Amino acid sequence: MNEWVIYAIGFVAQILFSARSIMQWIVSEKNKRVLTPVLFWQLSLIASFALFLYGYLRNDFAIMLGQILTYFIYIRNMQLQDSWRSFPKALRWFLYLFPIIILIIGYNNQVYDRELLFQNENIPSWLLALGIVAQVVFTLRFIYQWFYSEKRKESSLPMGFWALSLLGSLLILTYAIIRKDPVLFLGHLLGIVLYSRNIIILKTQE
């Protein structure tokens, strides 16, 4: 596939991620407290779908890992907000099965061999390790948020979520600079500003 098309998919994903964060920030600023609109999770799911595809097309295991770990958490938060059923049933099934289908296709085409995923000549082992650690830290924010929300029986974004977001985003930004990935760089540069602002808003609520 043409490299520009691949980058376009990645930029669309980051634009959607940025749009959800900006919207959440504006709503929170307006209400003087951190809120999580339904659209936040809807845009998250669509963006994750696109970024997973981007990682697959770039043979970047770190990106794919980050998205597959959070993909179903986005769906669960939509269920907690009773917005998941607003999607057509066929689309819901497609979104459920999409990551699994990609993995099955890749396996059957012998795409997911160890060399391609873990010995990509464009990603040295130490850089891949950094990318994986960065994505795991960034993903932990949603695992933490998921447990927090399940306990409260409502979707919310606590302080721990924003602290892990900031730390993970800084690590991914470092990975993006070394990897020379403009999609990750631009997406997380904005994210750092928004995560910091949400931490400040939460601090003022205390």
Side-chain angles (χ1 to χ4, degrees), residues 4-58 60 62-64 66-88 91-92 94-95 98-99 134-135 138-139 141-142 144-146 149 154-158 161-173 175-176 181-202:
W4 287 106
V5 175
I6 296 174
Y7 277 124
I9 293 171
F11 279 121
V12 167
Q14 291 295 2
I15 287 169
L16 290 171
F17 274 130
S18 297
R20 64 141 192 207
S21 297
I22 292 171
M23 177 208 59
Q24 184 275 331
W25 166 59
I26 291 172
V27 170
S28 296
E29 290 282 2
K30 185 177 179 180
N31 289 273
K32 303 302 181 186
R33 61 193 182 98
V34 174
L35 296 175
T36 319
V38 170
L39 190 57
F40 177 90
W41 299 113
Q42 293 172 338
L43 289 176
S44 295
L45 180 60
I46 297 168
S48 184
F49 174 93
L51 198 59
F52 179 86
L53 184 58
Y54 170 75
Y56 169 76
L57 294 172
R58 287 208 80 197
D60 194 318
I63 294 175
M64 292 173 65
Q67 297 315 303
I68 201 69
L69 290 174
T70 56
Y71 188 83
F72 293 102
I73 293 177
Y74 297 147
I75 291 175
R76 179 56 184 155
N77 274 280
M78 290 174 65
Q79 291 171 340
L80 287 172
Q81 289 189 330
D82 293 323
S83 63
W84 179 235
R85 291 188 178 275
S86 65
F87 283 23
L91 179 58
R92 276 182 276 151
F94 173 74
L95 290 171
F98 172 75
Q135 291 290 356
F138 200 60
T139 299
R141 68 188 185 142
F142 276 114
Y144 172 82
Q145 182 274 336
W146 172 41
S149 296
E154 63 175 0
S155 180
S156 55
L157 299 175
F161 171 86
W162 298 110
L164 286 169
S165 295
L166 183 59
L167 176 59
S169 198
L170 286 168
L171 289 171
I172 293 175
L173 189 63
Y175 174 79
D181 189 314
V183 171
L184 293 180
F185 178 79
L186 291 176
H188 286 276
L189 194 63
L190 175 62
I192 286 170
V193 175
L194 297 178
Y195 303 147
S196 299
R197 180 55 188 158
N198 274 285
I199 289 173
I200 293 170
I201 292 174
L202 278 172

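Remember, predicted model here, so these are calculated numbers, not experimental data.
Here the straight-line distance linking atom CD1 of Ile172 with atom CD1 of Ile192 works out to 9.5 Å at 0.5 Å rounding. To the nearest 0.5 Å, atom CG of residue Leu53 and atom OG of residue Ser48 are 11.0 Å apart. For the atom pair CG (Asn77) and OG1 (Thr70), the distance works out to 11.0 Å, reported to the nearest 0.5 Å. Distance CH2/Trp162 to CD/Gln145: 9.5 Å, rounded to 0.5 Å. From Tyr56, atom OH reaches atom CD1 of Ile6 across 10.5 Å, with rounding to the nearest 0.5 Å. The CG atom of Asn31 lies 10.0 Å from the CD1 atom of Ile201; values are rounded to the nearest 0.5 Å.
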Decide side chain to side chain contact (heavy atoms under 4.5 Å, CB included) for Leu170 and His188; before the verdict, give the C-alpha distance in whole Å, the side-chain angles of both, and the deciding distance to 0.1 Å. CA-CA 8 Å; Leu170 286 168; His188 286 276; over 6 Å; no

Practice problem: Evaluate side chain to side chain contact (heavy atoms under 4.5 Å, CB included) for Gln135 paired with Leu171, printing each intermediate quantity in order. | Solution: CA-CA 8 Å; Gln135 291 290 356; Leu171 289 171; over 6 Å; no

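The aromatic rings of Tyr195 and Phe138 sit tilted relative to each other, their planes meeting at an angle between 30° and 60°. Ring geometry for Phe52 against Phe98 counts as perpendicular: the plane angle is over 60°, on a 0 to 90° scale with 30° as the lower cut.
Val34 has its side chain within reach of Gln24: a pair of non-hydrogen atoms, C-beta onward, lies under 4.5 Å apart. Within the 4.5 Å cutoff, side-chain heavy atoms of Leu190 are placed close to those of Ile22. Counting heavy atoms from C-beta outward, Leu45 and Gln42 have side chains that stay 4.5 Å or more apart. Within the 4.5 Å cutoff, no side-chain heavy atoms of Ser149 are placed close to those of Arg76. In this structure, the side chains of Phe94 and Phe49 come closer than 4.5 Å at one or more pairs of heavy atoms. The shortest side-chain heavy-atom distance between Leu166 and Ile199 falls under the 4.5 Å cut-off. The closest side-chain heavy-atom distance from Leu51 to Ile9 is not below 4.5 Å. Between Met78 and Val38 the shortest side-chain heavy-atom distance does not fall below 4.5 Å.
Sequence neighbours left out, the pairs with a member in residues 183-199 that pass salt bridge (charged side-chain N to carboxylate O under 4.0 Å, His left out) are Glu29-Arg197. Sequence neighbours left out, the pairs with a member in residues 14-47 that pass ring pair (Phe, Tyr, Trp, His ring centres under 6.0 Å) are Trp41-Phe142. Sorted by first and then second residue, the side-chain hydrogen bond (donor to acceptor under 3.5 Å, both in side chains) pairs involving residues 10-21 (not counting sequence neighbours) are Arg20-Ser44. Residues in residues 4-17 take part in no salt bridge (charged side-chain N to carboxylate O under 4.0 Å, His left out) pair, two or more places apart or across chains.
Tyr175 contributes no side-chain N or O that, together with a main-chain N or O of Phe185, makes up a donor-acceptor pair within less than 3.5 Å. Distance alone, capped at 3.5 Å, places no donor-acceptor pair between the Thr36 side chain and the Ser156 backbone. The backbone N or O of Ser165 sits nowhere less than 3.5 Å from a side-chain atom of Arg141 that would complete a donor-acceptor pair.
In this structure, the side chain to side chain donor-acceptor pair (under 3.5 Å) partners of Tyr54, at least two apart in sequence or on a different chain, are Arg58, Asp181. For Trp84, the side chain to side chain donor-acceptor pair (under 3.5 Å) partners at least two apart in sequence or on another chain are Tyr96.
Of all the heavy atoms in Leu202 and Leu157, the pair that sits closest is CD1-O, 4.3 Å.
The six-membered or imidazole ring of Tyr144 lies away from that of Phe161, with a centre-to-centre distance of 6.0 Å or more.
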